[in-house]
Amino acid sequence: MPPEERPLDPRAIARASLAAGRNASLFWTVGGVAASVVAAFVGNAAIGASVLALLLVVLGVARAVLPSPGPAAFGVRAKSLDVTMLLVAAAALATLAWVAPTA
């Protein structure tokens, strides 16, 4: 019987979800998003967007240099597609933070 036709084991699913909690990339990603939200409240929206763009650049570089399959938080597709999407999103967000009015 092929693996995709076997019934799902709820215990295996629970073990896999608990193992994800031990993956540091999830905590670093959530910490970066939280830092961008704090920066937006303390400063302004442009600063928060810039911090988020910087996070996306760091994640893109990490995805590019770390071996496959890569960090679980942002390694979900082909490496080239992940890196491209993260860096394009960072460039778009940085551009919006730069041109958007802050008043």
Side-chain angles (χ1 to χ4, degrees):
M1 176 181 285
E4 61 270 2
E5 292 181 9
R6 278 187 258 156
L8 295 176
D9 180 15
R11 293 176 301 234
I13 294 169
R15 281 191 296 276
S17 68
L18 290 174
R22 291 189 293 267
N23 189 331
S25 68
L26 296 170
F27 295 109
W28 283 106
T29 303
V30 170
V33 172
S36 70
V37 170
V38 169
F41 278 119
V42 171
N44 59 28
I47 293 171
S50 299
V51 171
L52 190 56
L54 180 64
L55 172 68
L56 289 172
V57 168
V58 169
L59 295 180
V61 170
R63 179 69 172 120
V65 299
L66 293 175
S68 291
F74 47 92
V76 294
R77 293 167 296 272
K79 182 182 273 195
S80 60
L81 182 61
D82 284 340
V83 171
T84 301
M85 292 304 297
L86 287 167
L87 295 179
V88 167
L93 195 56
T95 302
L96 288 173
W98 183 58
V99 300
T102 58

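Tracing side-chain contacts under 4.5 Å through hydrophobic residues (I, L, V, M, F, W, Y), one reaches Val33 starting from Leu93; they form part of the same cluster. Residue Val57 is not grouped with residue Val88 when hydrophobic side chains (ILVMFWY) are merged at heavy-atom distances under 4.5 angstrom, including chains of intermediate members.
Val51 approaches Ala35 most closely through the heavy-atom pair CG1-C, 4.2 Å. Nearest heavy-atom pair across Ala90 and Leu56 is CB-CB, 3.6 Å. Taking every heavy atom of both residues into account, Ala97 and Ala49 meet most closely at CB-CB, 3.7 Å. Looking at every heavy atom in both residues, Ala73 comes nearest to Leu26 through CB-CD2, 3.6 Å.
Atom CZ of Arg77 is separated from atom OG1 of Thr84 by 10.0 Å, given to the nearest 0.5 angstrom. Here the CG-CG distance, from Leu52 to Leu96, works out to 11.5 Å after rounding to the nearest 0.5 Å. With rounding to the nearest 0.5 angstrom, the CG atom of Leu54 is 9.5 Å from the CG atom of Leu59. For the atom pair CG (Asn44) and CD1 (Ile47), the distance works out to 4.0 Å, reported to the nearest 0.5 Å.
No donor-acceptor distance shorter than 3.5 angstrom exists from the side chain of Lys79 to the backbone of Pro67, with no hydrogens or angles considered.
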